[in-house]
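What follows is one structure encoded as structure tokens, with my remarks underneath.
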4 protein chains.
Amino acid sequence: MAKVKRLGIIMNGVTGRMGMNQHLIRSIVAIRKDGGVALKNGARVMPDPILIGRDAGKLEALAKAHGIERWSTDLDAALKNKDDELFFDAATTAMRAGLLKKAIAAGKHVYCEKPVAENVKDALDVARLAKKAGIKHGVVQDKLFLPGLRKLKMVIDSGFMGKLLSVRGEFGYWVFEGDLQPIQRPSWNYRLKDGGGIILDMLCHWRYVLDNIFGEVQSVSCLGATHIPKRWDEDGKPYKADADDAAYATFQLAGGVIAQINSSWVTRVRRDDLVTFHVDGTHGSAVAGLQKCWTQARVNTPKPVWNPDIPQPIDFMQTWEEVPDTQVYDNGFRVQWEAFIRHLYDGGPFKWDLLAGAKGVQLAEAGLKSWKERRWIDIEPLKV
Amino acid sequence: MAKVKRLGIIMNGVTGRMGMNQHLIRSIVAIRKDGGVALKNGARVMPDPILIGRDAGKLEALAKAHGIERWSTDLDAALKNKDDELFFDAATTAMRAGLLKKAIAAGKHVYCEKPVAENVKDALDVARLAKKAGIKHGVVQDKLFLPGLRKLKMVIDSGFMGKLLSVRGEFGYWVFEGDLQPIQRPSWNYRLKDGGGIILDMLCHWRYVLDNIFGEVQSVSCLGATHIPKRWDEDGKPYKADADDAAYATFQLAGGVIAQINSSWVTRVRRDDLVTFHVDGTHGSAVAGLQKCWTQARVNTPKPVWNPDIPQPIDFMQTWEEVPDTQVYDNGFRVQWEAFIRHLYDGGPFKWDLLAGAKGVQLAEAGLKSWKERRWIDIEPLKV
Amino acid sequence: MAKVKRLGIIMNGVTGRMGMNQHLIRSIVAIRKDGGVALKNGARVMPDPILIGRDAGKLEALAKAHGIERWSTDLDAALKNKDDELFFDAATTAMRAGLLKKAIAAGKHVYCEKPVAENVKDALDVARLAKKAGIKHGVVQDKLFLPGLRKLKMVIDSGFMGKLLSVRGEFGYWVFEGDLQPIQRPSWNYRLKDGGGIILDMLCHWRYVLDNIFGEVQSVSCLGATHIPKRWDEDGKPYKADADDAAYATFQLAGGVIAQINSSWVTRVRRDDLVTFHVDGTHGSAVAGLQKCWTQARVNTPKPVWNPDIPQPIDFMQTWEEVPDTQVYDNGFRVQWEAFIRHLYDGGPFKWDLLAGAKGVQLAEAGLKSWKERRWIDIEPLKV
Amino acid sequence: MAKVKRLGIIMNGVTGRMGMNQHLIRSIVAIRKDGGVALKNGARVMPDPILIGRDAGKLEALAKAHGIERWSTDLDAALKNKDDELFFDAATTAMRAGLLKKAIAAGKHVYCEKPVAENVKDALDVARLAKKAGIKHGVVQDKLFLPGLRKLKMVIDSGFMGKLLSVRGEFGYWVFEGDLQPIQRPSWNYRLKDGGGIILDMLCHWRYVLDNIFGEVQSVSCLGATHIPKRWDEDGKPYKADADDAAYATFQLAGGVIAQINSSWVTRVRRDDLVTFHVDGTHGSAVAGLQKCWTQARVNTPKPVWNPDIPQPIDFMQTWEEVPDTQVYDNGFRVQWEAFIRHLYDGGPFKWDLLAGAKGVQLAEAGLKSWKERRWIDIEPLKV
């Protein structure tokens, strides 16, 4: 029987929606049920989490519901436990950099949600401390593990598309104002003082998506907007929405690729999915949603005629071919957890690290600066 | 029986594809067959064209094919004929401003294709001469008369959308390089020295579309690209394509509306039509193609859930309702021809004039400048 | 931890189908399972019912099945218990007014099924006693809480429809006579001496639906009919059905809206649902069933052509767009129970009260009078 | 070879839309092409029309287009021609009674569109003159010959439905106001002074439909409305619409059948067709549109359950069975023309005569009176 190693994980902020559903239940609990993570040498790593938070009642209930023995409201005490080697954080952005520093000082490896900090300086500080301490570190980059984007990357890697030319991204949907229909996102997303704003939220994502799939980001031009200035909160009370709820951004990538991505909470969806990437290359094109991906090869490209006198005779949705499922696509959060755990034991490079996290913050900052100064902002190389 | 007036029209450049098909055959010849244009007072105007061009053989054949008695290769002589009151030009852009000036000097009314000139200065010069001469003038703005855009305007005018927030435009399709499949656009479009480039071509259109339907353009940020640097021409010979073949532009409009429009000859189409405008408003959204238009009201807006673990359960193409045909939509070029002819006799304002034409050139110039200087360019008010 | 208050409820008539399923099981028992009703101040109210009825065996079994400790056949004794503050009645109409008076005299708050009395005079008497006693009171108006009607109200409130013009209601289905198929409604519904008749039953409902959603009822013209004069009862015995089994009514509402509603137990259904309301407004129309709602905006209205020589080319069911679910719609009876319980503690207005109940009875009376006198009957304002 | 008789017909008012398309082209011209109408004795009757109107140009063009030799603007002269035995009128209602009297005085048989007169008195006068003169007469009742209504009548006649109980009719569609979309009905329909109003238009139709298919009309209660008080006319000019644009009517028919019919130009259609009749009988039900008819037998009647907690599980459109085409359904106007022509030669009763026409006017008058007096109006028997 394979040797089983225990991995003690201090999990902070898993009573929130994302932390609980994706990181705890869909990742750590699921890995435990499946007997842990297999390493190269055949050994298995079994995560042993201790849940950390402020609300003892919630923690206890959550732990009990999922067969977890340890929980606590005392993070400092938890960090002192030498048997727990990894610190994970999915709590609020404002606290993140401070907590990471504390954990690094305590000698823990760290893994966390994005954004890693509220600004680039803090993000780099954390990355430098981690390097100095020699600990291992990772940052969640979940969109890379969406089946649709994984298929898209496979299509690109196959050479199907030839030289990449351009990317069009559309992200978003209509977030209800709260007067007629109940809201489906927290109201703080729309208040600047609470850390809201779609640029800060989404440009962190676009950085790693662009860097990893299409080409390193070199420059950004971004226009934000607050299209809906009045919304109603969780209690049905109106409030002033002053954060940006839409961002119209264009990016220049290494290799001459141009990416134009609109992010919006105030658009009604008429496309394949909530996020889509339309990529054109010399030899073919591809469009990816969260789960699916479609392609059109050079030789299958139709020859449309611009004729204003007749309805378009081509059904352009029917001229693409779907990329089929050729494997089981596990939950993306879990896939990255497993990769990070193997990285802890097997070593080797791990590209989705604190520096990558800092780059996400850098792009969000540059986007906001571009909006303010009404010009293109170049993205300087970051290093630790 | 209704009185019939003759309108002598000097038509220059109608041996080209657009001039021949849309302006001559679908407009002037069709109007003649239907007994002319009806005026307010019940009288009818019958166009009597003389076709002008360089190739006598083509002119004669074309005239004969469509029952037209007059043609000539001598424009100067034609301009001297006092019985022909209107000069029309659909020949090359490079010559246009000069020809218009000559026609105005000869006392003719003028009507022409866009762009009215190669730069704003020339365009304004022509407009000023026209004003001084007191002649009537118009510039083709055909996209406004596409059924899809007319339906879209009707939807906006009806109040269905509430306050307009944003516009996303996608124009284009894949223009074959010429090595595998025959090209479907003239090769000069891809050479700078011949007046090619998609910014010059399309931003003239976007100016009047935006101004007339969504709000006056106030600012532009535009990034051009030459994605395909080598193409094959009409003779199958390779050439260097140095003109911009794609443009990624964002516009700020009066009233706070943001328009983001991508124009491209190097993209494969996965959407409703060759050009689509997706417009979001507080109370509803609409998407228009050339012929069709779809809407989604606030109360019909679905509530999508971001769940990376299941395929998108909502078919977002099915949550929109088509705007039905409630009238016959004549050819848009003809509709504008009829409006201009009525303007000649009935008087009254005509909004699609040489100043509007100059504004189109202005936006194209600003787009090119924005690309070069990597910043937003404000659009100053033009006046004659 | 939140404070929990006990609310003692004397529940009369919950062994019947509606009382048991909707009021006891789907409302009170479900609220108890979910930890009570949350008040504004964070406290929770836990209902503690005592079941009252005639059949001790049924009561005991029902109580036991749902974890309820108290039941009794002695209503008078129950009313004397000062710890039970609310009296609820869902027993027969004939007894209702008397029971309500008794409960009010005992100082109880009251909540009950409709009709609140057999005639307006009795209904107003009860309302006046309640006012004098200063107790809180409510009457079930369940149709208002159907998801379809809630969506319809949202559509109207959103302004989608512009000015309301007219309402067409179709209620009903075929109730089997009992000779071939088993009956699916109790036989007393079809006997006048037992309080049967569709006018008395349904016009109480239409009053609050019309008043709350479309406009206060001002006038009614109603034609009743007994289409099927012979039926078979629960024991398979034929009886004379002398109560009205269909009603064809037209209503004039405040604001000039006209509502035409047919109610029938002798019609075979070819429409979206068992009850449908088709509402036309200047800017749009909507059709609501029990659960669903569809809309058609002014700009999406098709232009049909009357051509007797070809089958209708438009599929009129496909030109409407569904109003999507944007929230969870709890059982409507429970929603109103929770609102009434919050009203007991948090105060504030409660529009579905005994006066509203009296108005329902008033409309039924007016409908019967209109039928008899063959003319329109105006609805006088009621007050307590 | 069969003997061919010539029938000279003076056709007045066939330059209008209905007269031209349905009576001239689809009926008389089509009959001529098919070799005339076959009589019982094998002889054939060939119509030989003379077209009468005011606009000589239109008449000449129309005659020429359809191979008709005779046309004239002088009706009086035409009536003097002894060789033309039948007078037909499809011109304006206001002139009809006068023209019919003149034709009868000239000894012609008469056939005409509805309404036969502007009021009952005039209608009866004409009928009496016709009787006295001993001529043959008919009035168009086209809806009876719609395939959908013919199938419905066949279903009723077959006994499928048992005893008829009730009829629900819905007629209408949305007539555009003219500000956004072009109008699709003439503007005079919406002005009282020009003879507009839906009650006058449609109740003439409902009279013969009800009398012939379901039972003689005995009583009517009708509420009219002018829902849209402002419209735009053929020239785009706003005008005050003061005629009734909707009518909500209930009818009591012989045999105890109740018919409830809504007619409206201000409703958006969600049903099988532009007009539908839903008929319930003891043994089965049927729904008819213009072309199609569906039935549901007693034994196929579903047993729906009223459950507010789940979406309706029954698709009520799928529980009906279509009545198939078992014959070719000729154009209804032609069918009645052929029947009338056979009546001229073969004799026998013809039920769609001037008295039937007078009954239609009578019902419209009674409907208007009911609206004004807010009560049921009985329909007295008419006789000549």
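Residue numbers start from 1 in every chain, and the chains themselves are labelled A, B, ... in the order their sequence lines are given, proteins ahead of strands. Note that this is a predicted model, so its numbers are computed, not measured.
In the model, B:Arg374 has no side-chain atom that pairs as donor or acceptor with a side-chain atom of A:Ser221 under 3.5 Å.
Only the side chain of B:Pro147 comes within contact range of chain A, with heavy atoms under 4.5 Å apart. Neither the backbone nor the side chain of B:Tyr329 comes within contact range of chain A; no heavy atoms are under 4.5 Å apart. At a 4.5 Å heavy-atom cutoff, the contact between A:Gln22 and chain B is made by side-chain atoms alone. At a 4.5 Å heavy-atom cutoff, the contact between A:Arg298 and chain B is made by backbone and side-chain atoms alike. When heavy atoms are compared at a cutoff of 4.5 Å, A:Gln318 does not approach chain B at all. In this structure, no portion of A:Phe145 lies under 4.5 Å from any heavy atom of chain B. Using a 4.5 Å cut-off between heavy atoms, B:His227 contacts chain A through both its backbone and its side chain. Contact annotation for A:Asp272: both backbone and side-chain heavy atoms come within less than 4.5 Å of a heavy atom of chain B. Contacts between A:Asp325 and chain B at a heavy-atom distance below 4.5 Å are absent for every atom of the residue. For B:Ile310, the part lying under 4.5 angstrom from a heavy atom of chain A is the backbone only. Residue A:Val175 does not touch chain B at all, counting heavy-atom pairs closer than 4.5 Å.
More than 12 heavy-atom neighbours from other residues, nucleotides or ligands sit within 6.0 angstrom of NZ on B:Lys143. Within a 6.0 Å radius of CD in A:Glu321, other residues, nucleotides and ligands contribute 12 heavy atoms or fewer.
Contact tally against chain B (heavy-atom pairs below 4.5 Å) for A:Val287, A:Val305, A:Thr250, A:Asp330: the top residue is A:Val287. The residue among A:Glu373, A:Gln181, A:Glu177, A:Lys292 with the most heavy atom pairs within less than 4.5 Å of chain B is A:Glu177. Highest contact tally toward chain A, considering only B:Ser370, B:Pro311, B:Ala246, is held by B:Pro311 [criterion: heavy-atom pairs under 4.5 Å]. Heavy-atom pairs under 4.5 Å with chain B peak, among A:Gly332, A:Gly281, A:Gly256, A:Gly148, at A:Gly281. Residue with the most contacts toward chain A among B:Phe333, B:Trp294, B:Tyr248, B:Trp320: B:Trp320 (heavy-atom pairs, distance under 4.5 Å).
Rounded to the nearest 0.5 Å, atoms CD (A:Gln184) and CH2 (B:Trp306) are 13.5 Å apart. Atoms CG and CG, on A:Asp309 and B:Leu290 in that order, are 10.0 Å from each other to the nearest 0.5 Å.
Taking each heavy atom of B:Ala225 and A:Ile258 in turn, the nearest pair found is CB-CD1, 3.4 Å. The minimum heavy-atom distance linking A:Leu146 with B:Pro308 is given by the pair CD2-CB, 3.6 Å. Across every non-hydrogen atom of A:Thr282 and B:Trp174, the tightest pair is O-CZ2, 4.0 Å.
Within residues 260-270 of chain A, the residues having any heavy atom closer than 4.5 Å to a heavy atom of chain B are A:Gln260, A:Asn262, A:Ser264, A:Val266, A:Thr267, A:Arg268, A:Val269, A:Arg270, listed by residue number. Contacts between residues 161-169 of chain A and chain B, defined by a heavy-atom separation under 4.5 Å, are made by A:Leu165, A:Ser166, A:Arg168.
Using a 4.5 Å heavy-atom cutoff, the side chains of A:Tyr173 and B:Thr301 are not in contact. Between B:Lys303 and A:Phe176 there is a side-chain heavy-atom pair separated by less than 4.5 Å. The closest side-chain heavy-atom distance from B:Arg271 to A:Phe316 is not below 4.5 Å.
Under the 3.5 Å distance criterion, the side-chain polar atoms of B:Gln291 are left unmatched by any main-chain donor or acceptor of A:Gln312.
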